[in-house]
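Model, not experiment: these values are computed from the prediction. Proteins get letters first, then strands, A, B, ... in listed order; numbering begins at 1 in each.
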Protein chains: 2
Amino acid sequence: MEISSTEENYLKAIYALQSSGDKPGVSTSSLSEHLNNKAASVTDMLKRLSDKKLIHYKKYKAVSLTKQGEKLAIAIVRKHRLWEVFLMEKLNFKWDEVHEIAEQLEHIKSDELIERLDGFLGQPKYDPHGDPIPNAKGVLPKPKTSALSKIQNKGLYIFVGVNEHHVDFLRHLTSIGLKIGDQIKIEEHNSYDGSYLIRINKKPGQYISHKVASNLLIEIKS
Amino acid sequence: MEISSTEENYLKAIYALQSSGDKPGVSTSSLSEHLNNKAASVTDMLKRLSDKKLIHYKKYKAVSLTKQGEKLAIAIVRKHRLWEVFLMEKLNFKWDEVHEIAEQLEHIKSDELIERLDGFLGQPKYDPHGDPIPNAKGVLPKPKTSALSKIQNKGLYIFVGVNEHHVDFLRHLTSIGLKIGDQIKIEEHNSYDGSYLIRINKKPGQYISHKVASNLLIEIKS
DNA sequence: ATCAATTTTTAGACTAACCTAAATTTATTT
DNA sequence: AAATAAATTTAGGTTAGTCTAAAAATTGAT
Ligand SMILES: [Mn+2]
Ligand SMILES: [Mn+2]
Ligand SMILES: [Mn+2]
Ligand SMILES: [Mn+2]
């Protein structure tokens, strides 16, 4: 069965929304917003995806992916994230530049290509933003989930990922000298506004807002 | 101005046919055959490409690329051939496997990507089939044009490219142990059927047909 | 439980890229 | 120079993927 790039984008969107949201299903309007399409267009496509048995769809009800639909969605996520690693590691793109190009590359159809790319890159487990890369079987490494804002204790941590992927946010982190893998020392937590005083790799301390902190994923330094 | 992948494929086809053929223009029927589309569909697209000023088109006359159309066509050829080099050099695909995947990759839109890929590959001048790779300005290195079948003299040559790109032909060459860069010693030329007795890299001699010889591009060993 | 607001679906239209069948133009024979 | 053959275009359709406007269903507030 042939799957178009457009259909792939819908599957990916449903997958993203159903993983992020707390509820099980995904609404027409959330897809409409996520894909920048009108709700009527979404309904149209939902019917076609349903005909292809890629989603569970009942009129006026939230949709969800079938086994097959999820398998495809995860395969696309795998391709997207592997290409992002390629762009960053091999072609020296910055982490705020890779997503847009990967949006195109993720639709290239060749299983052999993606498996060889995976090998070439050394089977990376996480992409340049700290997102987990599913393996060829569709199994995801455990996601990085611990936001800095959840932690009050002083101590040493490692910056391992971002919650927010917008270019502006990524550039902001770059401008304050923060990149994946850096050490973060929490020196102070202000319960008043939720801001932090931190040191990145032992450099001079600086304040970061609660909003920024809530989008930084960290691990305790081992 | 937005150019679709389909439009890109038409431009590439016109470019290929106008470079290969002796005549200046390209006919609707040759495009129809090359692209496996009906002539009526071709006419349809020719009008649209003409509206976009990418081709010169007059009803019932052969078409040709405008300056802008040629620039785009060459850019696509550049992308195609660079991706072929990538697939072969970095991902270890065989030379008969790269074309199909490159047909997809050539439509990825990002100038930055292709320039970085070019750098990553060491600015190759020829692709895995010996075809010249245009530089970023659209200038082509001189093409390999000397077919083995044009030569009767015994002597030492280097195999530098193929005229024919079909998978079967490429696999045949692989099966007789011939790859780009190999030395070919002409030991005998049979004027009766145009076949040759050759030695590849000093290995035992073998016969190749006129047809094969006519698709092998060689240079005199310097 | 009813009514209003919101969400979703339907109906009807549009474009890109294809198709078949028929008409037209150009090329080739006689 | 006609007549025939071949190439090309036109006319009219189809599908994927989008849209707007209107109808229908669901949700949520009184
Ligand atoms: Mn991304
Ligand atoms: Mn990412
Ligand atoms: Mn090729
Ligand atoms: Mn090639």
**Request:** Check whether any side-chain nitrogen or oxygen of A/Arg48 sits under 4.0 Å from OP1 or OP2 of D/dA16, and answer yes or no.
**Result:** no
**Separation of atom CD1 in A/Ile55 from atom C1' in C/dT8, rounded to whole Å** = 14 Å
**Message:** For a quick test of reading the model: is some side-chain N or O of B/Ser41 closer than 4.0 Å to OP1 or OP2 of C/dA17?
**Reply:** no
**Prompt:** Should the pair B/Lys179 and B/Phe159 be classed as cation-pi, given the thresholds of under 6.0 Å to the six-membered ring centre and 45° from the axis?
**Reply:** no
**Prompt:** Heavy atoms under 4.0 Å, any strand shown: does B/Thr43 hit a base, just sugar-phosphate, or nothing?
**Reply:** base
**Message:** Whole angstroms only, please: what is the CD-C1' distance between B/Glu8 and C/dA17?
**Reply:** 15 Å
**Asked** Is there a donor in the side chain of A/His99 and an acceptor in the side chain of A/His80, or the other way round, less than 3.5 Å apart?
**Response** yes
**Asked** Would one find a side-chain N or O of B/Tyr57 under 4.0 angstrom from OP1 or OP2 of D/dT9?
**Response** yes
**Complete:** Separation of D/dA7 atom P from B/Leu46 atom CG, nearest Å, is 16 Å
**Request:** Classify the nucleic acid contact of A/Asp44 as base, sugar-phosphate or nothing, counting any heavy atom under 4.0 Å across all strands shown.
**Result:** base
**Asked** Salt bridge check: are A/Glu8 and A/Lys109 linked by an N-O gap of less than 4.0 Å?
**Response** yes
**Asked** Using 4.0 Å as the upper bound for N to carboxylate O, is an ion pair formed by A/Glu106 and A/Lys12?
**Response** yes
**Message:** Under 4.0 Å between a side-chain nitrogen and a carboxylate oxygen: does that hold for A/Asp44 and A/Arg48?
**Reply:** yes
**Item:** Atom pair distance, as rounded to whole Å: NZ in B/Lys58 and P in D/dT8
**Value:** 17 Å
**Message:** Give the residues of residues 26-36 of chain A touching DNA chain C, defined as any heavy atom closer than 4.0 Å, sorted by residue number.
**Reply:** A/Ser27, A/Thr28, A/Ser29
**Item:** Ring-face cation contact, A/Phe86 with B/Lys90, 6.0 Å cut, 45° max
**Value:** no
**Message:** I'd like to know if B/Asp131 pairs up with B/Lys144 as an ion pair, taking the criterion as any Lys NZ or Arg NE/NH1/NH2 lying under 4.0 Å from an Asp or Glu carboxylate oxygen.
**Reply:** no
**Request:** Describe the nucleic acid contact of A/Lys61 in one word from base, sugar-phosphate, nothing, applying a heavy-atom distance below 4.0 Å.
**Result:** nothing
**Request:** Please report, rounded to the nearest Å, how far the C1' atom of C/dA16 is from the CG atom of B/Asn37.
**Result:** 13 Å
**Separation of atom NZ in A/Lys23 from atom C1' in D/dT27, rounded to whole Å** = 13 Å
**Complete:** Closest to the side chain of A/Thr6, out of D/dT10, D/dG17, C/dA11, is D/dG17
**Asked** Which nucleotide in the set C/dA21, D/dT18, C/dA17 lies at the smallest distance from any side-chain heavy atom of B/Ser4?
**Response** C/dA17
**Item:** 5' priority, DNA chain D, between A/Tyr60 and A/Tyr10 [closest heavy atom]
**Value:** A/Tyr10
**Request:** Grab the CD-P distance between A/Glu2 and D/dA16 for me, whole Å please.
**Result:** 12 Å
**Item:** Sugar-phosphate, base or nothing in reach of A/Lys38, heavy atoms under 4.0 Å
**Value:** base
